[in-house]
There are 2 protein chains.
Amino acid sequence: MNIGDVSRRSGLPAKTIRYYEDIGLVTPQRSENGYRAFRDSDLHKLAFLGRARTLGFSIEDCRTLMALYEDGERESAQVKAVAQQHLDEIDAKIAQLESMRDTLAHLVHCCAGDSRPDCPILSDLAAG
Amino acid sequence: MNIGDVSRRSGLPAKTIRYYEDIGLVTPQRSENGYRAFRDSDLHKLAFLGRARTLGFSIEDCRTLMALYEDGERESAQVKAVAQQHLDEIDAKIAQLESMRDTLAHLVHCCAGDSRPDCPILSDLAAG
DNA sequence: CATAAGGGTTCCAGTCACGGGAAGGTCAAG
DNA sequence: CTTGACCTTCCCGTGACTGGAACCCTTATG
């Protein structure tokens with residue numbers, strides 16, 4: 001498989017796949033013409049990575065998860081710990097965004113949004 | 001005021017204040033010794049920027065909001081439009097994170113987290 | 001046979017909003 | 001005179017790519 005095929009099948013842009021090779025997440029072989037030659041196992045890995053990234057795991061987390069996936073001796077507790085920590089971070093991020101949203105929604109609600117200059121949004125930003 | 005004073009009063013790191021000068025958000029004067037000399041109006045601007053950033057506005061949005069704030073001829077509709085768009089983006093981000101959280105929470109819940117290798121988290125990532 | 005299209009390759013620069021750290025100038029106190 | 005707390009500029013690094021330039025390989029067509 002060339003990179004285009006793998007890109008279509010995994011849903012990852014070719015650029016991303018090259019980047020993943022750069023940082024050592026996949027190591028495709030090379031054809032005589034210099035093209036990357038992906039095996040099924042490479043495609044499988046890339047699909048795995050794509051799904052992990054979709055769940056918001058960092059590249060380093062993905063590296064860890066891949067290593068655990070390939071390690072028959074792993075303990076599921078290790079995987080769960082990584083996932084739980086990520087979950088906590090997501091919860092924190094959501095809480096932060098919701099706080100922003102609440103403040104902002106209130107301000108937007110209070111702003112007339114007409115042709116006059118008076119604006120509670122700017123007043124709030126100016127005054128704290 | 002030197003940058004340290006402004007930093008303490010605005011809550012912004014000195015590094016950030018220098019960066020804001022770099023990109024033209026504030027233009028403090030200079031003392032004879034080369035130190036930045038901030039006026040009250042500069043401090044006020046920086047506090048404004050700090051609060052806007054706290055609400056998650058991008059630097060470019062902040063630039064726009066500052067310009068509107070300083071424009072006596074502004075229409076509140078312009079401000080509201082910027083804020084509403086940002087609010088929409090926040091809502092989208094929250095929705096995305098919640099989707100991640102739901103999937104992830106389910107997987108974490110299903111994972112035994114013990115010393116055995118079987119793990120539904122890895123199975124899900126591997127199989128889609 | 002020339003060429004054009006549609007692959008592939010490398011490498012460099014840019015993104016966003018700063019933060020870290022080096023190398024050095026300035027100022028008030030002891 | 002030295003110490004220490006300031007301040008200055010400059011350059012590199014962050015995360016996870018994305019865009020683009022300049023170039024090579026393969027296949028089909030006039």
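Order of the sequence lines fixes the chain letters, A, B, ..., with proteins taken first and strands second; residue numbering starts at 1 for each chain.
Atom-to-atom, CG of B/Asp22 to P of D/dT9 comes out at 8 Å; the value is rounded to the nearest Å. As rounded to whole Å, 13 Å separates atom C1' of D/dC17 from atom CD1 of A/Ile17. Straight-line distance from the NZ atom of B/Lys15 to the P atom of D/dC7: 13 Å, rounded to whole Å. Put simply, CZ on B/Phe57 is 17 Å from C1' on C/dA17, counting in whole angstrom units. Atom OH of B/Tyr35 is separated from atom C1' of C/dG24 by 11 Å (rounded to the nearest Å). A/Asn2 has its CG atom 10 Å from the C1' atom of D/dC25, to the nearest Å. With rounding to whole Å, A/Ile3 atom CD1 is found 17 Å from D/dC25 atom P. Separating the CD atom of A/Glu21 from the P atom of D/dC17 is a distance of 15 Å, rounded to the nearest angstrom.
Counting all heavy atoms, side chain and backbone alike, B/Ser76 lies closest to A/Ala112 at OG-C, 4.2 Å.
Distances shown here put a side-chain N or O of B/Arg30 below 4.0 Å from the OP1 or OP2 atom of D/dT9. Taking only side-chain nitrogens and oxygens, A/Thr16 never comes nearer than 4.0 Å to OP1 or OP2 of D/dA16. For the OP1/OP2 pair of C/dA17 and a distance below 4.0 Å, the side-chain nitrogens and oxygens of B/Arg63 include no atom meeting the criterion. When the side-chain nitrogen and oxygen atoms of A/Arg18 are compared with OP1 and OP2 of C/dC11, none of them lie within a distance under 4.0 Å. OP1 and OP2 of C/dA17 both lie 4.0 Å or more from every side-chain N or O belonging to B/Tyr20. Phosphate contact (OP1/OP2 of D/dT9, side-chain N/O of B/Arg36, threshold under 4.0 Å): present.
At distances below 3.5 Å, at least one donor-acceptor pair connects side-chain atoms of A/Ser7 with backbone N or O atoms of A/Leu12. Between the side chain of B/Thr54 and the backbone N or O of B/Gly50, at least one donor-acceptor pair lies under 3.5 Å. Put simply, the side chain of B/Arg74 gets close to the backbone of B/Tyr69: a donor and an acceptor are under 3.5 Å apart.
The 5' end of DNA chain D is approached more closely, in terms of each residue's nearest nucleotide, by B/Phe38 than by the other of A/Ile59 and B/Phe38. Comparing B/Tyr19 and A/Asn33, the nucleotide of DNA chain C nearest to each residue sits closer to the 5' end for A/Asn33.
In this structure, B/Glu60 does not pair ionically with B/Arg53, as no charged nitrogen and carboxylate oxygen lie closer than 4.0 Å.
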